[in-house]
Number of protein chains: 2
Amino acid sequence: MVRVTITQVAAHAGVSVASASRALNGQIASAETVAKVQHAAATLGYVADATAQSLKRGRTKQLAYAVADIGNPVYVEMMSAIERVVSASGYRLVLSSTGTSSSSVDVVRDLGRGYVDGMILSPLRVTDELLTALAKTPTPVVVLGRLPDDVNLDTVRADSLTAMRLVVGHLVAEDRRDIAFVNGPVDTTPGAFRRDGFAAAVLAHPLLTTRSVDAEDFTISAGYAAARQVLEGDRRPDAIVAANDLIGIGAIRAAEDLGLRVPHEIVVTGIDNTELAGVVRPGLTSVDLGAEERGRVAAELLLARIAEPSRAAHTVTVAPSLVVRGSSVHRPNTQGHASPADRSTEATGLGEERAAG
Amino acid sequence: MVRVTITQVAAHAGVSVASASRALNGQIASAETVAKVQHAAATLGYVADATAQSLKRGRTKQLAYAVADIGNPVYVEMMSAIERVVSASGYRLVLSSTGTSSSSVDVVRDLGRGYVDGMILSPLRVTDELLTALAKTPTPVVVLGRLPDDVNLDTVRADSLTAMRLVVGHLVAEDRRDIAFVNGPVDTTPGAFRRDGFAAAVLAHPLLTTRSVDAEDFTISAGYAAARQVLEGDRRPDAIVAANDLIGIGAIRAAEDLGLRVPHEIVVTGIDNTELAGVVRPGLTSVDLGAEERGRVAAELLLARIAEPSRAAHTVTVAPSLVVRGSSVHRPNTQGHASPADRSTEATGLGEERAAG
DNA sequence: AGCGGAACTGTAAACGTTTCCAACGATCTC
DNA sequence: GAGATCGTTGGAAACGTTTACAGTTCCGCT
């Protein structure tokens, strides 16, 4: 079972390799040739070598998805959406973890090696170095996340400001007046924009008291530590807004461990609306930033750019939506809208309500 | 910023392409040549084309991970472990979802195209067709999961029997006598082996009453439906053993919705010890099948086989361990061992105790 | 009958790299 | 000083494919 080449197929069919190639690729060829070649290919078990095709054709039919932290379910969700689009278009997806050894700059540099036709990059930090590397590479790149305004690249981003407005508005409607924002590291892109979004959202509500604390990173344990610190302080807030679901879950745990009932004594919200938010008890109210849609759109943008490299750069912003669950609703039957229980999902029996962004 | 080839580097350095190639690859070359070539490469910004190298060298430095359902966190965990090993060895990882369009047979056939040097396959169903395809392919494949005994392939598997013994033993120690097993589809590999494992484990405890029901698939919603059916039956069990964590979580939800307190009226256990198990309340007692280790070992086996294709096939079985959480422990302070709370993890404040397999 | 063109085919040149092989000068050995 | 040896080099052939180009055949048309 060694490699069978097109030369052998051609010989077996009694035609030239050129004709064999044309016959196999649906190029112009007589019906007789096609038949002979296809028969030869079938009997010999011929499959075209992908590497040789890539070299000759100048494209690999591979796309890369580069992400720092595949441990976060939200990136898995994106990856899943990307994979669907990509493989439906006949591309393969290669996974480039930027977390392990190489930084995302290295990953972009690696693009020069030409093993992929394009890349979807989800950088945790956007440095100048990364931007110059991105400007230099001839390979199409779509960035997931916010970029400086003067950068001319295809981008898909979430709307942190609206997300925060949804959360803060919801908490105010729930009669919360003292909100603690537990952010992730503020030197990351999501950290920075969620901070700004929160600050802006709060401005609309002059009576609010707020404060911020940054967790070490976007994980449950870091969220637990940061939230605990907030909750043990002298003036306890009546709401915690977490910068993502993992931190939010950490916050719920912290509250529990301090004997505080959620949502009675303190309400908690998350961001990302990961599967975890629906699985935790009480369910974590969360803003869905449209991870699935962002992944899908990013993949579509990339494919479109590959098809037409000179097209103008697009920036797509995906609208967030608020998913209300038990962690933020103290008085379930006194709200303006229907009780969450009315729309319980059949699967989990979990009450949740979605508000458009 | 067009592609700069080794020919240009050679010209710029005033040497032949052969010498340039040797200088760049650390082959035998004079110090002077190396200096000239490296300088030329640096000034021109040369990066070797991966495709051409692959074609010439006969290996792509890419490995594939093929999995049906990337939605299940346990496969993500494996993928993460695989990615670490693979990228540390200078390989790229390409993700082949067998769920979307192609079956795992197609994926194996695709190997013939030679775009990867090897593959880690995690098939949900092992058919004869798949086995013959595996036997035919010259590309190294490591299978995650159980195979028939006469198949001579590198394999990494979990120990379902021991896993089930751990669970059943634990439940018996908790004075449970009527156990319902909520399995996934029994025509899948995990489904079949967990069924057999459960049956065998139960034999050791003659006084047990047991029954089985198969969920539609290994998801929360399917688990919810199947568990609900069991719990609404005329004779209610005092324990539910779920075939994985997702089904287990579904079972907890079902119990909740029926007003049954977990673990007081019914205890529930899962399998896989995914992150979800630790995040849910009450924490889901689960058997850790060593997903991380299985992924890592599979990657190592694959690399070893690539390095030495003629080596004997290895089968590695990873030992499971029981992680006890709140969902199965009704009387936390009357157990033989320490109270779970004694070993609470700092992050979640969640009590859990691990027993070796 | 001659001619233009359509339809098809084969030869050979690419794609960018690695590597075999022969050739070279310099050094060493007897 | 002749030959062997060593270290280094460049030409050219690969790897397996696609494709430009030129050639062939055949057909219909005038």
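Letters go in sequence order (proteins before strands), and every chain restarts at 1. Not measured: the values here are computed from a predicted model.
Atom CD of B:E129 is surrounded by 12 or fewer heavy atoms from other residues, nucleotides or ligands within 6.0 Å. Around atom CD of B:E32, no more than 12 heavy atoms belonging to other residues, nucleotides or ligands sit under 6.0 Å away.
Straight-line distance from the CG atom of B:L44 to the P atom of C:dG16: 14 Å, rounded to whole Å. Distance, A:I6 CD1 to C:dT9 P: 14 Å, rounded to whole Å. Atom CD in B:Q53 sits roughly 7 Å away from atom P in C:dT17 (whole-Å rounding). Summarising the geometry, the separation between CD on A:Q8 and C1' on D:dC15 is reported as 13 Å, rounded to the nearest angstrom. Distance CG (A:N25) to P (D:dT17): 10 Å, rounded to an integer number of Å. What separates CG of A:D49 from P of D:dC15 is a distance of 12 Å, to the nearest Å. One interatomic measurement links the two molecules: CZ of B:R59 to C1' of D:dG16, which rounds to 18 Å at whole-angstrom precision. At whole-Å resolution of the value, CG in A:L24 and C1' in D:dT19 are 15 Å apart.
Set against D:dA20, D:dT18, C:dT17, the side chain of A:R22 has D:dA20 as its closest nucleotide. The side chain of B:V15 lies closest to D:dG10, out of D:dG10, D:dG16, D:dT18. Closest to the side chain of A:S16, out of C:dT18, D:dT9, C:dT11, is C:dT11. For B:S30, the side-chain atoms get nearest to D:dT8 when compared with the rest of D:dT17, D:dG11, D:dT8.
Nucleotides of DNA chain D nearest to B:G14 and B:R57 differ in position, and the one nearer the 5' end is that of B:G14. When each of B:K56 and B:T33 is assigned the nucleotide of DNA chain D bearing its nearest heavy atom, the one mapping closer to the 5' terminus is B:T33.
One finds no side-chain N or O of B:Y115 lying less than 4.0 angstrom from the OP1 or OP2 phosphate oxygen of D:dG16. Contact between the side-chain N/O atoms of A:Q27 and the OP1/OP2 oxygens of D:dT19 is found at a separation under 4.0 Å.
Residue contacts shown for B:S21 include a base, since a base heavy atom lies under 4.0 Å away.
Side-chain contact between B:V9 and B:T7 is absent, with no heavy atoms from C-beta onward closer than 4.5 Å.
Under 4.0 Å is where a charged nitrogen must lie from a carboxylate oxygen, and between A:D154 and A:R305 at least one such pair does.
Separating the CZ atom in B:R125 from the CG atom in B:L130 is a distance of 12.0 Å, to the nearest 0.5 Å.
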